[in-house]
Amino acid sequence: MRAAVITGPGAAEISEVPTPEPGPGEVLVAIEGCGVCGSDLPVWEGRPWFEYPRAPGAPGHEGWGRVVDVGADVRGPAPGARVAAICFASDAEFDVAAADAVVTLPAELDGQPFPGEALGCAMNVARRCEFEAGQTVAIVGVGFLGALLVQIAARAGARVIAIARRPYALRVAREMGAEHTFSTDDEDVVGAVEELTGGMLCDRVLEVTGHQGPLDLAARLVRVRGRLVIAGYHQDGPRTVDMGLWNWRGIDVVNAHEREQVTYVRGVREAADAIAAGLLDPQPLYTHEFGLARIGDAFAAAIERPEGFLKALVRP
Ligand SMILES: [Zn+2]
């Protein structure tokens, strides 16, 4: 099969490698496509602790496709099932996944892309936000995940304030249901939100960027006894927090990442059900598509975020 191999920082090639065989409890998935994730980018850009070349197909972990073979002791899904798979080498024509790490996609999703891990992540973050009708929810950072969360919060009946850097992202946030939008560069975002909320600030504030500045801004938008939900992926060193402010306001701080496979899978299943039921619509957010041979361009787009960019999908 053909698989993308990252041979060094900023360099990828397509290699012909043996198609993996599903072991006991595993299924072989013919990949239809795989999302490019923000968490893929450090290994593409290069960090001192990574060794190259990376495994064929890595770091693709947002793959979906059709089961074409199953190993021993697999009770489901059967060959032919269209699934999203939590596995880690899906930038390739095939990938193997544990049978209990795949979610069979409902027929309503036929023909739609389904980068499962990314969609499941949004559902898992939303669960820990406990959105309710009537809440004021600020979302700082509107990429693919932030835009999904705007949609989920708005559909839960919350009043959503979206804050982002790119004018395009703010337009998307409004389309997804945000009532108010502010640029991160605006002089006094906190003052504006204070004004909107009669000085109360926000019941829920979601930080969806992974950077220090927006984390600081997010904290300042949380009301007394509100909840700060950190969905950004902070992986380039320690952060500082204004403990005095957290303390004084008595805020709950939630790090909304999940590490258990069973929770990932639960989120993916919930996302599939929500889309099938018409409660979630990620389709307008899949903005860029690349063939496997152009995976380097897909990573570059995810880094540079050209006008109109929210999510790249790679097709083998
Ligand atoms: Zn991901």
Side-chain angles (χ1 to χ4, degrees), residues 3-4 6 12 29 31-45 47 50 54-55 57-65 83-92 95-98 101-103 105 112-128 141-149 151-152 206-211 229-236 255-272 274-275 280 282-283 285-290 292 295-296 298-303 305 309-316:
I6 298 182
V29 180
I31 299 294
E32 257 177 54
C34 183
V36 172
C37 181
S39 69
D40 295 344
L41 302 179
V43 75
W44 171 252
E45 293 171 320
R47 296 286 189 274
F50 289 129
R54 307 300 292 175
H61 62 272
E62 297 182 357
W64 75 94
V83 298
I86 302 291
C87 46
F88 302 93
S90 297
D91 290 324
D95 198 1
V96 283
V102 302
V103 171
L105 300 177
Q112 284 191 32
F114 192 89
E117 189 265 354
L119 296 163
C121 179
M123 301 308 284
N124 285 335
V125 170
R127 188 181 316 116
R128 296 181 71 179
V142 182
F144 183 70
L145 178 59
L148 287 172
L149 289 163
Q151 204 181 102
I152 294 168
L206 285 67
E207 182 277 315
V208 203
T209 71
H211 298 293
V229 177
I230 298 159
Y233 192 34
H234 294 263
Q235 55 174 351
D236 60 347
N255 284 276
H257 289 273
E258 304 293 349
R259 290 291 170 258
E260 286 183 342
Q261 180 173 289
V262 55
T263 314
Y264 273 122
V265 170
R266 175 183 172 190
V268 173
R269 190 172 295 118
E270 286 178 1
I275 297 169
L280 184 67
Q283 287 274 47
L285 309 177
Y286 304 130
T287 55
H288 287 61
E289 225 175 85
F290 299 87
L292 192 58
I295 192 166
F299 289 132
I303 292 166
R305 301 180 160 255
F309 180 89
L310 284 167
K311 183 77 172 173
L313 305 174
V314 172
R315 302 280 195 167

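Scope of the values below: all heavy atoms of this structure, side chains included, with no hydrogens, waters or symmetry mates. Because the structure is predicted, anything quoted here is derived from the model rather than measured. Order of listing sets the numbers, starting from 1, for every ligand and every atom in it. Each residue takes its place number in the sequence, starting with 1.
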Participant: Classify the side-chain pair Asn124/His257 by whether it contains a donor and acceptor separated by less than 3.5 Å.
Facilitator: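 No.
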Participant: Applying side-chain hydrogen bond (donor to acceptor under 3.5 Å, both in side chains), name anything that partners Gln112, two or more places apart in sequence or on another chain.
Facilitator: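 Applying side-chain hydrogen bond (donor to acceptor under 3.5 Å, both in side chains) to Gln112 gives none.
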Participant: So what's near the Zn ion (ligand 1), protein N, O or S atoms under 2.8 Å?
Facilitator: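 You should have found Cys37 SG, His61 NE2, Glu62 OE2, Glu117 OE1.
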Participant: Do you know which two heavy atoms are closest between Ile152 and Met123, and how far apart they sit?
Facilitator: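 Shortest heavy-atom contact: CD1-SD, 4.0 Å.
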Participant: Can the ring centres of Phe299 and Trp44 be said to be less than 6.0 Å apart?
Facilitator: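 Yes.
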Participant: Do the side-chain N and O atoms of Thr209 and Glu207 include a donor-acceptor pair separated by under 3.5 angstrom?
Facilitator: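 Indeed, the side chains of Thr209 and Glu207 share at least one donor-acceptor pair under 3.5 Å.
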Participant: Verify salt bridge (charged side-chain N to carboxylate O under 4.0 Å, His left out) between Arg266 and Glu258, making sure each step is shown before the conclusion.
Facilitator: CA-CA 11 Å; Arg266 175 183 172 190; Glu258 304 293 349; over 6 Å; no
